[in-house]
2 protein chains.
Amino acid sequence: MNKPSVLDVARLAGVGTSTVSRVLNNQSNISAQSREKVLRAVEILGYTPNQDARSLRSGQTGAISVVLPLTGTHFYDTLLRHMHQVLSTQEYDLALFPVLGEQRIRRFREASALPYRADALVIASLDPERMYHGKPPFGKPIVLVDSFHRDYHSVCFDNLAAGQMAARHILKSGLPVVFVDVQENPGEFESPVFRDRREGLLQTLQQHHLEPVLTLKTTFQVEGGRAIAQDLYSLLNEKPHFIVAACDDIAVGLLRQLSEAGFQVGRDFLVCGFDDNPLARESALSTVQQPIAEVGEAAAKLLLRALQGELTHLALQTFHPRWQERSTTTFQH
Amino acid sequence: MNKPSVLDVARLAGVGTSTVSRVLNNQSNISAQSREKVLRAVEILGYTPNQDARSLRSGQTGAISVVLPLTGTHFYDTLLRHMHQVLSTQEYDLALFPVLGEQRIRRFREASALPYRADALVIASLDPERMYHGKPPFGKPIVLVDSFHRDYHSVCFDNLAAGQMAARHILKSGLPVVFVDVQENPGEFESPVFRDRREGLLQTLQQHHLEPVLTLKTTFQVEGGRAIAQDLYSLLNEKPHFIVAACDDIAVGLLRQLSEAGFQVGRDFLVCGFDDNPLARESALSTVQQPIAEVGEAAAKLLLRALQGELTHLALQTFHPRWQERSTTTFQH
DNA sequence: CTGTTAGCGCTTTCAA
DNA sequence: TTGAAAGCGCTAACAG
């Protein structure tokens with residue numbers, strides 16, 4: 001037998017279809033009697049509403065799509081958990097759409113793509129301009145997270161301030177600086193995150209007439225840090241340096257490789273990173289912490305307001321980093 | 001102005017709505033002339049089809065949902081990338097639904113939940129029986145990945161064989177065994193993965209009249225391994241042991257903490273794990289590798305066949321582990 | 001408080 | 001090869 005429809009339920013309950021609809025949507029003007037009958041019929045038939053029809057009719061899907069570069073990192077995991085926590089208080093389901101490669105980008109430029117079958121869209125860490133060559137094909141609320149564009153609501157980390165913050169701690173040490181930047185994959189978008197960190201860092205250093213004695217680039221994993229450690233050996237043999245890496249993973253790789261090569265943190269070098277991911281915590285790495293949880297929650301709340309049409313002006317929320325002092329930035333005497 | 005519909009396109013093109021529909025769906029019986037007119041009208045109006053209406057009418061969504069416990073790990077990242085690679089050759093979009101907490105489980109039991117607005121469902125690492133207290137509320141193809149149930153197509157890792165494989169390498173060493181199992185979070189489901197690894201391991205050891213001299217449990221992160229390392233100090237001071245951990249993270253935590261405490265791998269202890277994640281590679285940990293990529297691809301292909309109705313019988317595919325010999329399971333002489 | 005009815009936008013017969 | 005028209009399952013306006 002076919003899936004039962006509202007009509008089947010209505011017939012069995014001996015009421016009209018609108019009564020069924022009202023009961024199912026918890027509307028108020030319903031007698032206890034009718035409600036009872038409808039619910040019983042629903043139960044008997046094992047009726048479940050067709051969501052496509054519901055969406056077609058009401059124009060609402062109950063879905064919120066999150067487009068993000070990838071899953072599989074602490075950053076997105078944390079971000080999503082916190083967004084999720086806020087959004088699930090309402091009746092919204094969250095669907096994730098990682099942009100795994102160029103192929104998906106092209107697909108996501110089409111208005112018929114799955115992410116746009118939703119009531120609202122979250123775009124995380126991606127520049128809408130570059131991703132879409134213009135505007136996303138989506139006419140409902142959009143919130144940018146970890147990314148900024150003047151045409152959209154945005155919730156951002158202040159990466160410029162993060163860079164400045166690192167610079168200030170470097171300056172306190174009085175040591176010469178080595179900066180290890182992230183090597184962007186050619187063909188992938190340049191990340192504004194690293195651009196801003198770099199800018200804030202170098203800017204503040206310059207204001208104090210300090211420039212890195214050496215700048216290196218490497219991939220943003222632990223292995224990337226390990227790989228370029230040897231380029232520092234001669235420098236560190238000469239005198240201690242402060243090494244600032246553009247992310248924790250690189251910093252940790254550096255820390256480990258240098259330690260294994262006989263250099264001692266706190267004596268031969270100091271090192272710090274950015275992010276405060278679990279690896280940093282584990283390795284006692286001093287770092288500039290990004291308030292991921294706060295940003296996730298703020299974005300979700302913003303979205304909720306946008307969905308309720310309460311957001312008349314373009315919102316821009318910026319969250320400030322926090323310095324996490326651990327053991328890799330103090331001299332051992 | 002409102003979003004244009006097929007009717008608007010049809011009017012502008014001077015054709016009927018069915019002609020518009022046929023052009024948009026690349027059907028054959030269309031004159032080049034009509035096609036031309038329709039496409040031009042589509043262009044002018046910026047028309048994009050309403051997917052809800054399309055789904056309602058055709059019963060197809062073009063979506064495949066993946067329900068998984070969490071994102072944010074190498075395992076799921078790898079699995080998804082490979083599934084994605086296969087599925088995107090067809091016109092399917094992949095949507096991810098991490099089950100973040102008990103709240104979501106309840107929601108996902110409802111037939112109206114977002115994951116079920118799809119043409120097929122992938123359930124990763126979750127036992128449908130426990131998750132749904134019965135069957136998922138979904139009448140279309142379902143494929144289980146990293147999980148088995150006799151009522152569904154399944155693509156699995158042979159965790160029993162993985163446990164046996166570890167046992168065989170332990171036996172070769174002739175050392176007494178310490179087994180560090182994963183502590184399941186109370187309230188969460190017991191993972192069949194760890195159950196099978198444990199069973200395969202202990203079973204094979206027993207067949208050779210060997211039993212662990214000590215069994216410990218801890219959480220499955222690196223920190224979990226570190227935390228219980230001290231429980232082994234006296235044992236290792238006495239004589240060397242082979243430590244087998246139920247996953248790489250724990251093994252690495254153990255390896256690191258024991259090394260820092262002055263014990264030497266290859267002399268005071270040997271250690272191996274399961275999974276072969278990046279951390280294992282980085283730490284030169286011997287481990288039982290799970291062929292994640294193959295499983296992901298196999299699952300995707302199975303799904304495609306199921307969608308085409310080619311799958312008449314229940315499929316069960318099992319993939320075998322591979323031993324990754326690195327430096328933590330050989331004695332240094 | 002309730003039932004009848006008109007579409008939401010599309011695909012797909014059916015007849016031309 | 002094409003157009004008219006039916007109807008997928010639902011919600012909401014309207015009339016009672």
Side-chain angles (χ1 to χ4, degrees), chain A residues 1-39 41-42 45-63 91 110-112 116-117 119 137 139-140, chain B residues 1-39 41-42 45-63 91 110-112 116-117 119 137 139-140:
Chain A
M1 189 189 124
N2 271 337
K3 260 197 86 181
S5 76
V6 260
L7 195 62
D8 299 310
V9 176
R11 274 201 284 257
L12 181 59
V15 300
T17 58
S18 58
T19 301
V20 174
S21 177
R22 284 187 194 109
V23 170
L24 263 33
N25 293 288
N26 298 313
Q27 296 190 4
S28 42
N29 306 327
I30 284 287
S31 71
Q33 209 177 22
S34 294
R35 163 166 282 115
E36 186 73 9
K37 283 193 291 185
V38 168
L39 291 178
V42 165
L45 294 173
Y47 167 79
T48 57
N50 178 316
Q51 295 300 323
D52 289 318
R54 202 190 264 245
S55 299
L56 173 59
R57 185 60 236 245
S58 68
Q60 303 224 318
T61 62
E91 289 277 270
E110 296 169 29
S112 61
Y116 313 121
R117 246 175 279 180
D119 295 334
K140 298 173 190 167
Chain B
M1 186 188 130
N2 269 338
K3 257 196 88 182
S5 75
V6 260
L7 194 63
D8 299 310
V9 176
R11 275 201 284 256
L12 181 60
V15 299
T17 59
S18 54
T19 301
V20 175
S21 176
R22 283 193 270 260
V23 171
L24 263 35
N25 293 288
N26 297 313
Q27 294 189 6
S28 42
N29 305 327
I30 285 288
S31 68
Q33 209 177 21
S34 293
R35 163 165 283 115
E36 186 73 8
K37 283 192 291 185
V38 168
L39 291 178
V42 164
L45 295 173
Y47 167 78
T48 57
N50 178 317
Q51 295 302 321
D52 289 318
R54 204 189 262 247
S55 298
L56 173 60
R57 187 59 237 244
S58 69
Q60 303 225 319
T61 62
E91 289 278 87
E110 296 169 29
S112 62
Y116 312 121
R117 247 175 280 180
D119 295 334
K140 298 173 192 167

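Below, all heavy atoms of this structure are taken into account, side chains as well, without hydrogens, waters or symmetry copies. Throughout, a chain's letter reflects where its sequence line sits, starting with A, and its residues are numbered from 1. What you are looking at is a predicted structure, and each value in this text was computed from that prediction instead of being measured.
- Here the closest heavy-atom approach between residue B:D119 and residue B:K140 is recorded as O-CB, 3.4 Å.
- Between the CG atom of B:L56 and the P atom of C:dC10 there is a distance of 12 Å, rounded to whole Å.
- Side-chain proximity of B:R54 to the nucleotides C:dT5, C:dC8, C:dT11 is greatest for C:dT11.
- Counting heavy atoms from C-beta outward, B:R57 and A:D52 have side chains that stay 4.5 Å or more apart.
- Residue A:S5 is classed as a sugar-phosphate contact, given heavy-atom separations below 4.0 Å to backbone atoms only.
- Protein chain B contacts DNA chain D over a range whose 5' and 3' limits, counting nucleotides with an atom under 4.0 angstrom from a non-hydrogen atom, are D:dT1 to D:dG9.
- Spacing between atom CZ of B:R22 and atom P of C:dT13 amounts to 11 Å, rounded to whole angstrom units.
- Within the 4.0 angstrom heavy-atom criterion, base atoms lie near B:S18.
- Of the residues in residues 29-39 of chain B, not one places a heavy atom less than 4.0 Å from an atom of DNA chain C.
- DNA chain C is contacted by both B:D52 and B:T19; B:D52 maps to the nucleotide lying nearer its 5′ end (nearest heavy atom per residue).
- Interatomic distance, A:Q33 CD to A:E36 CD, rounded to the nearest 0.5 Å: 9.5 Å.
- For residues 9-29 of chain B, the salt bridge (charged side-chain N to carboxylate O under 4.0 Å, His left out) pairs, not counting sequence neighbours, are B:D8-B:R11.
- When the P atom of C:dC1 is taken as reference, atom CD of A:Q27 falls 12 Å away, rounded to whole Å.
- Residue contacts shown for A:V15 are limited to sugar-phosphate atoms, with no base heavy atom under 4.0 Å away.
- Screening A:L12, A:V38, A:V9 for a side chain to side chain contact (heavy atoms under 4.5 Å, CB included) with A:Y47, the sole residue that qualifies is A:V9.
- With hydrogens and angles ignored, the 3.5 Å screen pairs a side-chain donor or acceptor of B:S58 with a backbone N or O of B:R54.
- Across all strands shown, B:N25 has heavy atoms under 4.0 Å from sugar-phosphate atoms exclusively, and none from any base.
- Rounded to whole Å, atom P of C:dG9 lies 22 Å from atom CD of B:Q60.
- Atoms CG (B:L7) and C1' (C:dG7) sit 13 Å apart, rounded to a whole Å.
- Atom CG of B:D8 is separated from atom P of C:dG9 by 9 Å (rounded to the nearest Å).
- Residue side chain A:R57 does not reach the base of C:dG9 through any donor-acceptor N/O pair under 3.5 Å, judged by distance alone.
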